[in-house]
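Read the structure below first, then the notes.
Side chains included, hydrogens not; waters and symmetry mates left out as well; all remaining heavy atoms used.
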Amino acid sequence: MADDAASQRDYRETVFLPETAFPMRAGLPTLEPKILEAWTAQDLYNTVREARQAAGAPLFVLHDGPPYANGAIHIGHSLNKSLKDFVVRSRFAMGFDVDYVPGWDCHGLPIEWKIEEEYRGKGRRKDEVPTEEFRTRCREYAAGWIGVQMAEHKRLGAIGDYAHRYATMDFSSEATIVSEFHKFMMSGQLYRGSKPVMWSPVEGTALADAEVEYHDHNSPTVWVKFPVVDDARNPNVEWVGLEGNLPAMHSPLRNASVVIWTTTPWTIPANRAVSYNPRIMYSVYEVEAMEEGLDFVPWAAPGDRLILADKLREDVFKAAKIAKWKHIRQADLSGVTLAHPLAELDVGYGRPIPMLAGDHVTDDAGTGFVHTAPGHGADDYLIWLKSRAQLEAAGIDTTIPETVGPDGAYYDHVPLFAGLKVLETEGKKLGKFGPANPAVMEKLIEAGNLLARGRLEHSYPMSWRSKAPVIFRNTPQWFIRMDEPLADGRTLRDIALASIDATAFHPDMGRNRIRGMVETRPDWLISRQRAWGTPLAMFVDRETGEPLRDEAVNKRIVDLVAREGADAWFLRPASDFLGDHDPERFEKINDILDVWFDSGATHAFTIEGRADSHWPADLYLEGSDQHRGWFQSSLLESSGTRGRAPYKAVVTHGFTLDENGVKMSKSLGNTIEPQVIIKESGAEILRLWAATVDYMEDQRIGKTILATVTDSYRKLRNTLRYLLGALNGFEESERVTDYAELPPLEQYILHRLWQLDGEVRAAYETYRFSEVVRPLLEFCQGDLSTFFFDIRKDALYCDRPDSLRRRACRTVMEAVFERLTIWLSPLIPFTTEEAWTTRFPDAGSNSLRVFPETPADWRNDWQSLRWRAIQDVAKAVSEALEIERRDKRIGASLEASPTVYIASPILYDAFHPLSMSLEIDPAEVFRTSQAILVKGPPPNIAADAMVSDPYVVPTVADGHKCARCWKVLPEVKSATQLCLRCEDAVEAWDKTHAG
C-alpha cells in the first residue's frame with residue numbers, strides 16, 4: 001500500500017478520462033453549412049464516383065423523378081430528397097458507383113397560370129402577349145425556382161450531379177421529348193379522337209387522370225321524368241302523329257315516365273339516351289297521394305306513373321314527397337323509347353331517347369337508371385359506342401354532340417341555354433358553378449318533368465393545379481392507343497402489364513395498385529390546349545386527317561428544337577419543317593404534350609446513352625400518388641417505345657401528415673416548414689426523422705415527434721463522442737490482434753457487430769432505412785452506453801495503458817467507431833463526417849469510405865447466449881441495489897458486495913464456464929467493488945421454493961475506498977490509500993511522465 005505521505009497526492013491526473021474536441025452540443029445549424037462548403041470544395045459526389053470507378057465498382061442508377069419548378073420545397077419534398085440521398089449514399093457505402101442526376105419538371109399549367117396572373121396584374125390578357133414573350137417569361141420563372149430548390153436540396157445534404165442537372169425545358173430535353181412523341185406517331189399508336197375528357201374550363205385545357213384530385217363538393221341533385229313514347233315490343237302500338245314536339249302513340253306505358261337521378265343537371269340538354277340494367281327489377285308505380293302540410297306545391301301529382309328500380313322506390317318517393325302509391329306491374333324495358341324531358345319546350349329536343357342496356361347501371365343509389373349524355377361521361381360514351389349499330393339501325397343519329405365549349409359555356413346552338421356558363425372562368429366567381437344548373441332546373445319545372453331536387457355532398461373531380469371543378473366534355477384530342485396490337489402482336493397495355501410483373505416493388509402492394517390502374521385505364525390522352533410545354537410537333541393531312549409520317553420531316557423538327565428549343569415550332573413557319581411538302585395541305589398541330597409525357601420521357605435524355613450510366617434505371621423512388629403519375633407515364637412511354645419499363649425497381653413513400661394524422665394545410669395552420677426545422681435544429685434532425693419513420697406508409701411530423709427524434713440523435717451523438725474520447729491516443733501498437741486473447745465481453749461486442757453488419761446491409765439493400773436506425777439505436781443505448789461502456793469505464797480510466805483488458809476494450813471500441821460512422825453516414829452524414837474528421841483530420845471525407853468487411857470469426861453464438869444470461873443476472877442485482885440506495889443503506893453501487901444465489905445451471909455456468917480463461921468477474925459486470933456467486937439456493941431455502949432466481953442478498957463491501965478508482969476493497973486499509981491495481985497504474989504513469 002502507498003504510505004501516508006504519498007496518500008496526499010491528487011490522483012486525478014493519472015486517470016485516463018475520455019478526451020475529445022467533438023462537442024456534446026452539435027450546433028447543427030452552424031456546423032452543417034461549414035461541412036457543405038467542404039463537400040462543395042472537394043466536389044464530393046464526383047470525387048466518390050471517381051473513386052468507385054477507379055476500383056471497378058458496379059454501377060447503380062437512381063433516376064430522379066422531377067419535382068415541379070414552382071415554389072420552395074415543402075416537407076414532402078424533404079422526405080423525398082432525404083430518401084433518395086439515403087439510397088445514393090448507402091449504395092456508395094456498399095461499394096457501388098452511383099449515377100444520380102437531379103432533375104426538374106418545368107412545363108405545364110402551374111407556371112403558365114402564374115405567368116398569366118402576372119400579365120393580368122399588368123392589365124394584359126394572355127392572348128395579347130406574343131407567344132415568344134410569354135414562353136420566355138415561363139422559362140425564366142422555372143429557371144429561378146430550379147435555383148431555389150437546388151439550393152434547398154443541397155442544404156438537406158443531398159448529393160448528386162447538380163452540375164449536369166436535367167430540366168424538361170432544356171432544348172436538348174425538348175428535342176428528345178419530341179423525338180419520343182414521333183416514335184408513337186410513326187408506329188401508328190397515335191390517333192385523334194372525339195370523346196369526353198376531363199376538361200378544366202378555368203384553365204382551358206383537357207386534363208389526364210393524374211392531373212385530377214377528388215374533394216368533397218356540394219352538388220344539386222335532380223330526379224327527372226323521361227316520358228315513355230314508344231314500346232317496340234307492344235304490337236298494339238299505333239302512331240297517331242305528333243302532340244306538340246312529341247311523337248304520339250297508344251301504349252300500356254303511355255302515361256308512365258322513366259325517372260333518372262343526376263348530380264349534373266347541366267348535362268340534361270346533352271342527353272341522348274337512358275341506360276338500364278336488365279338484371280335490376282323495375283316496376284311501374286302510380287302515385288295515389290302526396291304528403292300533407294307541405295309549404296310548397298310538389299311536382300308529382302296523384303295519377304302520375306313512374307318507372308323505378310324496385311329497390312330504390314322508397315328513396316324516390318321520399319324525395320318527391322309521395323305519401324301513397326300503388327304497384328302497377330313489372331317493367332321490361334327493352335325496346336322502349338322515351339321523350340326528352342325538355343321536348344315540350346323546344347323542337348330541338350324533339351329527338352327520340354332510346355333505352356340502352358348496360359352493366360354500369362346499379363341500384364345502389366338514385367333510381368336504377370342512368371341519364372346518358374355521351375359527350376359528358378366516360379360510361380355514357382362507352383355505352384353509346386357499344387350500342388352504335390343498334391342505334392343506327394333504328395335510324396338514330398349517333399354523332400356525339402358538342403354542347404359545352406372550352407370556356408365552360410353552352411354553345412350557341414344549344415336550345416334554351418345558349419351562352420349560359422356551366423362553370424365560371426373569370427371574375428370573383430372564378431371556378432364556381434355558373435347559372436346553367438338552375439336554368440336547366442327551371443326549364444324542367446316549366447316542362448313538368450322535374451320530379452324532385454335536393455343537394456348532395458360527394459367526391460368531385462378537381463384540377464390539382466387550380467383546385468377548380470372539372471367537367472367531362474366531348475372534344476377532339478390526341479390519344480395513344482392502349483389496345484392496338486403492335487408489331488409483335490402485343491398491345492401497349494399487354495407490354496405495360498408484363499413490365500409491372502417484371503419490376504420489384506417496395507412495398508410489394510404497389511404492384512397491385514399500379515397494375516389495377518393500367519388494367520382499367522382508357523387510352524392515354526396526351527394533347528393539351530395550352531402554351532407552355534413541348535408541342536405535338538407534327539403535321540396532319542387536311543384531306544385524310546392522318547399525321548404526316550415522314551422521317552425527314554421529323555428530323556428537321558427535332559434538329560431545330562435541339563438548336564432553338566420548342567419555341568421554334570411555334571415561331572417558325574411550317575415550310576421550315578416540311579421540306580418539299582405543300583404547307584397548304586397540312587395542318588400544323590399547336591397543342592402541347594401532356595406534361596406527364598414530358599416527365600415520362602426523362603429516362604430517354606437523362607440516363608439512356610450516357611457512358612457513365614445505364615438503361616433501364618435500377619430504381620425509381622417517389623410518392624405513392626405517382627402510381628398514377630410518373631411511374632405510370634414512364635412505364636407507358638417506355639413500353640410503347642422500348643417494349644419494357646425504364647426501371648428495374650420502384651420504391652414508394654406515403655404522405656406526410658401532422659402529429660394528429662391530419663393532412664397539412666395552410667388554412668388549418670398545421671404545416672411544418674422544412675426551412676424552419678433546418679434553421680432551428682439542423683437538416684440532420686429532419687433526415688433522422690425521415691430515416692426513423694415507416695416512410696412506405698403515411699408518416700406524421702410535429703414538435704413532439706421531432707423532440708423524440710432529437711433525443712434519439714443525442715443518443716447517437718453521445719455514443720460517438722464517448723468513443724472518440726475513449727479512443728484518444730489509440731495507436732496501432734495497442735491493438736489486440738489475436739481474437740482468442742480478447743476477454744469474453746469484447747468477444748460479445750464483436751459478435752454484435754457481426755450481427756449488425758448483416759442487418760444493416762440487408763436493410764439498406766431493401767431500402768428499409770428505419771431498420772438501420774432502430775437496431776443501431778438499440779445497440780448504442782443497450783449494448784454500448786448502459787452495458788459495455790459502463791462496465792469497461794473502470795478499466796478504461798484506471799487500468800495501466802498496456803493492460804490487456806484496456807487494450808482489448810479500445811481495440812473493440814475502434815471497430816465499433818469504424819462501423820458506426822459509416823453505417824450511419826447515409827442517414828446522418830453531417831454528424832458522421834464531423835466525428836470521422838475529428839479523429840482523422842487528414843483522412844479525407846467519411847463519405848469516401850465503404851462498409852468494412854466484418855470477419856466471419858467474430859460470430860460467436862455461445863457468447864451471445866452467455867451474455868444474455870449474464871445480463872439477466874445483472875438486472876436482478878441492479879434492482880436489488882436500487883432498493884438499497886432508495887433506503888439509503890448504500891450510496892453508489894461500488895459500496896456494495898452482493899451475494900447472488902443462482903439455482904439455474906445455465907445462469908451460473910455463464911459466469912463460470914469449463915474454461916477458466918473465459919471466466920467473468922461478477923463484480924465487474926454488476927459494477928460493484930466485490931461480489932459472490934453461490935451455486936444453488938440460499939441456506940434453508942429449497943431450490944423450488946426460491947422466490948426468484950437469481951436470489952440477491954445485498955451487503956456492504958468490506959474494506960476502504962481506493963483513492964483513485966473508488967472501489968471498496970479489503971486490500972485498501974485507509975481512505976487515502978490505493979488498491980494494488982491503481983498502485984501499479986500510477987507507477988506506470990509516473991514513469992511515462994517523469995521529467
Quiz item: So, does Ser864 use its side chain to make a donor-acceptor pair with the main chain of Asn860 at under 3.5 Å?
Solution: no

Quiz item: Do the charged groups of Glu741 and Arg807 touch, with an N to O distance under 4.0 Å?
Solution: no

Quiz item: Is it true that Lys715 and Asp711 make a salt bridge, defined as a side-chain N closer than 4.0 Å to a carboxylate O?
Solution: yes

Quiz item: Looking only at heavy atoms, which two atoms of Pro826 and Phe86 are closest? And how far apart?
Solution: O-CD2, 3.2 Å

Quiz item: Within a strict 4.5 Å, meaning less than it, do heavy atoms of the Thr831 and Tyr713 side chains meet?
Solution: yes

Quiz item: Taking 4.0 angstrom as the limit, do Arg155 and Glu32 come out as a salt bridge?
Solution: yes

Quiz item: Is any side-chain heavy atom of Pro29 closer than 4.5 Å to a side-chain heavy atom of Lys679?
Solution: no

Quiz prompt | Spatial distance of atom CZ (Arg859) from atom CG (Asp757) [nearest 0.5 Å] | solution = 13.0 Å

Practice problem: Please state whether the rings of His63 and Trp630 are parallel, tilted or perpendicular, taking 30° and 60° as the class boundaries. | Solution: tilted

Quiz item: Where do Ile902 and Asp949 land on the side-chain contact (heavy atoms from CB on, under 4.5 Å) test, with the steps shown first?
Solution: CA-CA 6 Å; Ile902 304 176; Asp949 188 13; 4.0 Å; yes

Quiz item: Where do Leu784 and Leu820 come nearest, in terms of heavy atoms and distance?
Solution: CD1-CD1, 4.2 Å

Quiz prompt | Lys81 versus Gly65, closest heavy-atom pair with distance | solution = NZ-O, 4.5 Å

Quiz item: Less than 4.5 Å apart, any side-chain heavy atom of Leu881 and any of Glu895?
Solution: no

Practice problem: Give a yes or no on this: more than 12 heavy atoms of other residues, nucleotides or ligands lie within 6.0 Å of atom NZ of Lys793. | Solution: no

Practice problem: Return yes if some donor-acceptor pair links the side-chain N/O of Glu659 with the main-chain N/O of Thr704 below 3.5 Å, else return no. | Solution: yes

Exercise. Could you please spell out the steps behind the side chain to side chain donor-acceptor pair (under 3.5 Å) verdict for Gln871 and Arg868?
Key: CA-CA 5 Å; Gln871 286 174 306; Arg868 214 174 296 166; over 6 Å; no

Quiz item: Ignoring hydrogens and geometry, is there a side-chain-to-backbone donor-acceptor pair from Trp689 to Arg700 under 3.5 Å?
Solution: yes

Exercise. Report, as yes or no, whether the 6.0 Å neighbourhood of atom CG on Leu865 holds more than 12 heavy atoms from other residues, nucleotides or ligands.
Key: yes

Quiz item: So how far is it from Ile35 CD1 to Thr30 OG1, rounded to the nearest 0.5 Å?
Solution: 11.5 Å

Self-check item: Residue pair Leu723, Phe22: steps toward the side-chain contact (heavy atoms from CB on, under 4.5 Å) verdict
Solution: CA-CA 10 Å; Leu723 286 167; Phe22 188 81; over 6 Å; no

Self-check item: Gap between atom NE2 of His653 and atom CG of Leu79 - 0.5 Å precision
Solution: 5.0 Å

Exercise. Can you measure from CE (Met94) to CZ (Arg761) and round to the nearest 0.5 angstrom?
Key: 7.5 Å

Quiz item: Between Tyr620 and Phe631, how do the two ring planes meet: parallel, tilted or perpendicular, split at 30° and 60°?
Solution: tilted

Quiz item: Within the distance-only criterion (no hydrogens, no angle test), does the side chain of Asp618 pair as donor or acceptor with the backbone N or O of Val61 below 3.5 angstrom?
Solution: yes

Quiz prompt | With sequence neighbours excluded, residues passing side chain to side chain contact (heavy atoms under 4.5 Å, CB included) with Ala707 | solution = none

Quiz item: Is there side-chain contact between Leu796 and Phe16, with at least one heavy-atom pair below 4.5 Å?
Solution: no

Quiz prompt | Smallest separation among heavy atoms of Cys965 and Leu894, with atom names | solution = O-CD1, 4.0 Å

Quiz item: Which class fits the ring pair Tyr908 and His912: parallel under 30°, tilted 30 to 60°, perpendicular over 60°?
Solution: tilted

Quiz prompt | Cation-pi, Trp39 ring and Arg89 (6.0 angstrom, 45 degrees) | solution = yes

Quiz prompt | Ser681 (side chain) donor-acceptor with Ile678 (main chain) under 3.5 angstrom | solution = no

Quiz item: Which is it for Ser785 and Asn718 under the side-chain contact (heavy atoms from CB on, under 4.5 Å) test, yes or no, and what are the steps along the way?
Solution: CA-CA 9 Å; Ser785 295; Asn718 287 341; over 6 Å; no

Quiz item: Any sub-3.5 Å donor-acceptor pair from Gln42's side-chain atoms to Thr47's backbone N or O?
Solution: no

Quiz item: Side chains of Trp823 and Leu753: closer than 4.5 Å at any heavy-atom pair?
Solution: yes

Quiz prompt | Arg839 and Thr821: CA distance, side-chain angles, deciding distance, side chain to side chain donor-acceptor pair (under 3.5 Å) verdict | solution = CA-CA 11 Å; Arg839 184 159 181 237; Thr821 48; over 6 Å; no

Quiz item: Which of these passes salt bridge (Lys or Arg N to Asp or Glu O under 4.0 Å) with Asp97: Arg91, Arg52, Arg49?
Solution: Arg49

Quiz item: Asp85 versus Arg687: any side-chain heavy-atom pair under 4.5 Å?
Solution: yes

Exercise. Check for a donor-acceptor pair, side chain of Ser893 on one end and backbone N or O of Arg927 on the other, with a separation under 3.5 Å.
Key: yes

Quiz item: Given Arg513 and Thr652, is the side chain to side chain donor-acceptor pair (under 3.5 Å) satisfied, shown in steps?
Solution: CA-CA 11 Å; Arg513 185 175 184 189; Thr652 52; over 6 Å; no

Quiz item: What's the spacing between Leu727 CG and Tyr722 OH if we round to 0.5 Å?
Solution: 10.0 Å

Quiz prompt | CG-CZ distance between Asp921 and Arg805, expressed to the nearest 0.5 angstrom | solution = 8.0 Å

Quiz item: Charged N to carboxylate O under 4.0 angstrom, Glu834 versus Arg717?
Solution: yes

Exercise. Answer yes or no: is there a donor N or O on one side and an acceptor on the other, between the side chain of Thr786 and the main chain of Gln781, under 3.5 Å?
Key: yes

Exercise. Work out which heavy atom in Gly95 is nearest to a heavy atom in Pro58; give both atom names and the distance.
Key: O-CD, 3.8 Å

Quiz item: Within the side chain of Asp658, is there an N or O that forms a donor-acceptor pair under 3.5 Å with the backbone of Met664?
Solution: no

Quiz item: Has the side chain of Glu833 got a donor or acceptor atom that lies under 3.5 Å from a matching backbone atom of Ser845?
Solution: no

Quiz item: Under 4.0 Å between a Lys/Arg side-chain N and an Asp/Glu carboxylate O for Glu622 and Lys84?
Solution: yes

Quiz prompt | Side-chain heavy atoms of Leu619 within contact of Phe60, under 4.5 Å | solution = yes

Quiz item: Which word best sums up how the rings of Phe787 and Tyr748 line up, parallel for under 30°, tilted for 30 to 60°, or perpendicular for over 60°?
Solution: perpendicular

Quiz item: Is it the case that Arg810 places NZ or CZ above or below the six-membered ring of Phe730, under 6.0 angstrom from the centre and within 45 degrees of the axis?
Solution: no

Self-check item: Heavy-atom check, side chain of Leu756 versus side chain of Leu776, under 4.5 Å
Solution: yes

Exercise. Might you confirm whether atom CD of Gln675 has over 12 heavy atoms from other residues, nucleotides or ligands at distances under 6.0 Å?
Key: yes

Quiz item: According to the interplanar angle, ranging from 0 to 90°, do the rings of Phe817 and Trp836 count as parallel (below 30°), tilted (30 to 60°) or perpendicular (above 60°)?
Solution: parallel

Practice problem: Could you tell me whether Glu732 and Arg735 make a salt bridge, using a distance below 4.0 angstrom between a side-chain N and a carboxylate O? | Solution: yes

Quiz item: So Thr811 and Thr737, side-chain contact (heavy atoms from CB on, under 4.5 Å) or not? Walk me through it.
Solution: CA-CA 9 Å; Thr811 296; Thr737 57; over 6 Å; no

Quiz item: Are Arg885 and Glu882 close enough, and set up right, to give a salt bridge (Lys or Arg N to Asp or Glu O under 4.0 Å), and what steps lead you there?
Solution: CA-CA 5 Å; Arg885 274 194 293 268; Glu882 184 59 36; 3.1 Å; yes

